Amino acid sequence: MKPRLRRGLFGIPAFVFLGLSLLALPGFSQPGVAPKVDRPWMNQSLSPDERANLVLKQMTIDEKIQLLHGNGMPQEEPLTPLTALSNRGVGYVAGIERLGIPGIDMSDAAYGVRSSGVNGRYSTALPANVAAAASWDTDAAFEYGALIGRELRAQGFNMSLGGGVDITREPRNGRTFEYLGEDPILAGTLVASLIAGTQSQHVIGDIKHYAFNDQESGRDSVNAHINKRAARETDLLAFEIGVTQGHPAAVMCSYNRVDGDFACENKYLLNEVLKKDWQFPGFVVSDWGGTHSDVKASAAGLDNEQPRDIFYGDRFKAAVQAERIPESELNEHVRRILRSEFASGIVDFPRQRSVVDPLAGLEVARKIEEGGIVLLKDNLAALPLDAGTIHTIAVIGAHADVGMISGAGSAQVDPPGGNAIAPPGKGATYWKEEIWFPTSPLKAIQARAPHAVVTFDSGTNAKAAVAAAKGADVAIVFAYDWESEDMDLPNLSLPLHQDDLIAQVAAANPHTIVVLETGSPVTMPWVDAPAAILEAWFAGSDGANALANILFGSVNPSGKLPNTFPKSEADLPHPTLVKPPLASQRFPKSASPLQRAEGLPPFQVEYDEGLKVGYKWYDAEKKAVLFPFGFGLSYTSYGYSGLTVTQGKMVEATFTVANTGGRAGAEIAEVYASLPASAAEPPKRLVGWSKVKLDAGEKKTVTVDIDPKYLSVFDEAKNMWTLVPGEYSILVGGSSQDLPLRATISLE
Ligand code: BGC
């Protein structure tokens, strides 16, 4: 959520309260505080459910209500005395000290811990989530989450607000960088690993924004409509995998409406699908300001309101006392929150402040970026560069002398020293601003080519850039497309005349390499001109070193696209993004919290492409694309052979991958399935993959297990996944459009 004010309570800076009150914070060790009641729930051999039930029996109604809501944000009025007790994150649920139940201190943590700047702390910025998705690497995703968990704990937080997994149904969505691509099985599997990593550090993990928050334009007022089968097989499947395999302790419901009801009071999404069908045992927390009622939201399954208590405080208590909300419902919300506190370990392993390890963070960030950079084009082996033979390199554009761009909004991690493009000492960071990290491609390139002359041109004047490129052995043009929460991209073109810059530089120097820093796919009218193209995404704290390692070949690229790059926006399911009408855009500044909670007039977005999200759309509609889903080159080459498919509990695809080139590398071997025609599905879907490390000349036999659910369709009438009897084709290869192996299997 957007912080509005930077004042403290009664005009006193909040850090004064913070200093006075930290010692009293439940969860921080307080020597000498004796337990006031017998606490059988501290017995770790009991299950989280048993422990939660024991606590629940001891609680007064006020204590129960206290767990149901936040207490404001330190940077936003109105503050409450309890706000000051928080750890200066975005959400704070006060604990019950009498019973030894710690408060829950939440921080945004999509690609690292947020708001480090305003709190005078340091956090690692991992590459954007979409870059981690491009690695297709579940171990890396776990490491990603674990680093976030470690840094949260070190900074005194015990809950992460990360785990974004809304699939890329609308690639202009300004939060595409925070999500994990267009395929529900890839995105769901990776988010499950990420969440498991975070929770391995005894931090409550969450998954968000549940669900269909697929565009930012009018996110509070949009009413998404989609048929149930398509819903379950697309966006909801990513959440289903994330929830059932990653076991997040919390789910954040989104701002938008789905089929008429706000997601945070949507009985179908919360009670029926999440809690009943997927057996989610944790708690549902509203997105910030996304709670719209007490009785309706409670009955639908919302457990916790953030960031305040407009509905889930006194009003909720009154509703329980008047029997408009059954006591059993109140108890159920509280039990779920307590259960998550025990299950995540925040009770047994209280957070302990320590100093974040920036060096370890840089290393993790670099490795993840190295695995996620995608080599899109490499004509005549223009890459890798040979530092021994290159005399001059012209680096051009995108502030590549000082830094690399990051994604903005509540995901924003603040760079050490502030925004790298601001004058030294003036780098304070603000919400929804372009923030550059001090990871300088120019310096990293110079370090790897110490004998070459490396120049920099800002790219703001194409003529000067062309002159610089003409005189160099190699030109490296950097281009970026910044993204943020609370906005969508106006289109998929590179902004700021960068298309023209690239075209002119590439025309001037045949050895031109384009490096893209984007979260979403971009169109490339100049695609034929440069010798090589790399997608580096938003590259994180050590992005420049990762990139330089790829450019000079000490790391072989192995990332593959988690999103299709279309040729043109005209090819998208919705060539024009549906924008909110004026009345549905924003509340007047004077709107009261209750008016805000009532919501803006809804406007409809029809997800009538249904099942055909991403590559499934282009396949079904037979539209040629610029770069397909799953595509990515390497400095070596791979061959596939010998596919056999067998059926046991799982369907197993076994095949051989060979490194047929001269360098070690890692190939993402992708497995797709085409369902029987009677299933009426798009032509194919990803059903599994394996990232295989291979030395030059090496071969490996790989088996990919395919979960039967991933071969099934969602039967709306039976409300379950069912396998359609018939013949299935299993396709294997290195990209969704390069699948040399095919086998068929009959399933019943
Ligand atoms: C965002 C969430 C975020 C929350 C708290 C909301 O505006 O949609 O992703 O966790 O704010 O900052």
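Since this is a predicted model, take the numbers as computed values, not measurements. Quick note: residue numbers are just sequence positions, from 1. Every number for a ligand or one of its atoms is a count from 1 in the order of the listing.
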Atoms of ligand 1, numbered as shown, that sit under 4.0 Å from any heavy atom of [X]:
{"X": "Asp287", "result": "1 (C), 2 (C), 3 (C), 4 (C), 6 (C), 7 (O), 8 (O), 11 (O)"}
{"X": "His209", "result": "2 (C), 8 (O), 9 (O)"}
{"X": "Lys208", "result": "2 (C), 3 (C), 9 (O), 10 (O)"}
{"X": "Met252", "result": "10 (O)"}
{"X": "Arg175", "result": "1 (C), 2 (C), 8 (O), 9 (O)"}

Worksheet entry | Leu190 to Ala133 - nearest heavy-atom pair and separation |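 That would be CD1-CA, 3.6 Å.
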Is ligand 1 less than 4.0 angstrom away from at least one heavy atom of [X]?
{"X": "Met106", "answer": "no"}
{"X": "Arg114", "answer": "yes"}
{"X": "Glu216", "answer": "no"}

Worksheet item: After noting the C-alpha distance and the side-chain angles of Ser344 and His202, does the key distance pass the side chain to side chain donor-acceptor pair (under 3.5 Å) rule?
Response: CA-CA 5 Å; Ser344 61; His202 305 305; over 6 Å; no
Worksheet item: If we only count heavy atoms from C-beta on, is the Ser254 to Phe212 side-chain gap below 4.5 Å?
Response: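 The answer is no; the side chains never approach within 4.5 Å.
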Discussion item. For atom 3 (C) of ligand 1, which of the options Asp108, Val285, Asp486 provides the nearest non-hydrogen atom?
Written reply: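 Heavy atom nearest to atom 3 (C) of ligand 1 belongs to Asp108.
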Worksheet item: Taking the inter-plane angle between the rings of Phe538 and Phe177 on a 0 to 90° scale, is it parallel (under 30°), tilted (30 to 60°) or perpendicular (over 60°)?
Response: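 Tilted.
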Discussion item. Applying a heavy-atom cut-off of 4.0 Å, say which part of Arg219 lies close to ligand 1: side chain, backbone, both or neither.
Written reply: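 Within the 4.0 Å criterion, Arg219 contacts ligand 1 through side-chain atoms alone.
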Worksheet item: Are Asp220 and Arg586 ion-paired here, with the side-chain N under 4.0 Å from a carboxylate O?
Response: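 Judged by the 4.0 Å cut-off on N to carboxylate O distance, Asp220 and Arg586 do not form a salt bridge.
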Practice prompt. Could you tell me whether Glu485 and Arg219 make a salt bridge, using a distance below 4.0 angstrom between a side-chain N and a carboxylate O?
Written response: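 Salt bridge present between Glu485 and Arg219.
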Discussion item. Using the ring centroid of each side chain, check whether Tyr312 and His69 are separated by less than 6.0 Å.
Written reply: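 Between Tyr312 and His69, the centre distance exceeds or equals 6.0 Å.
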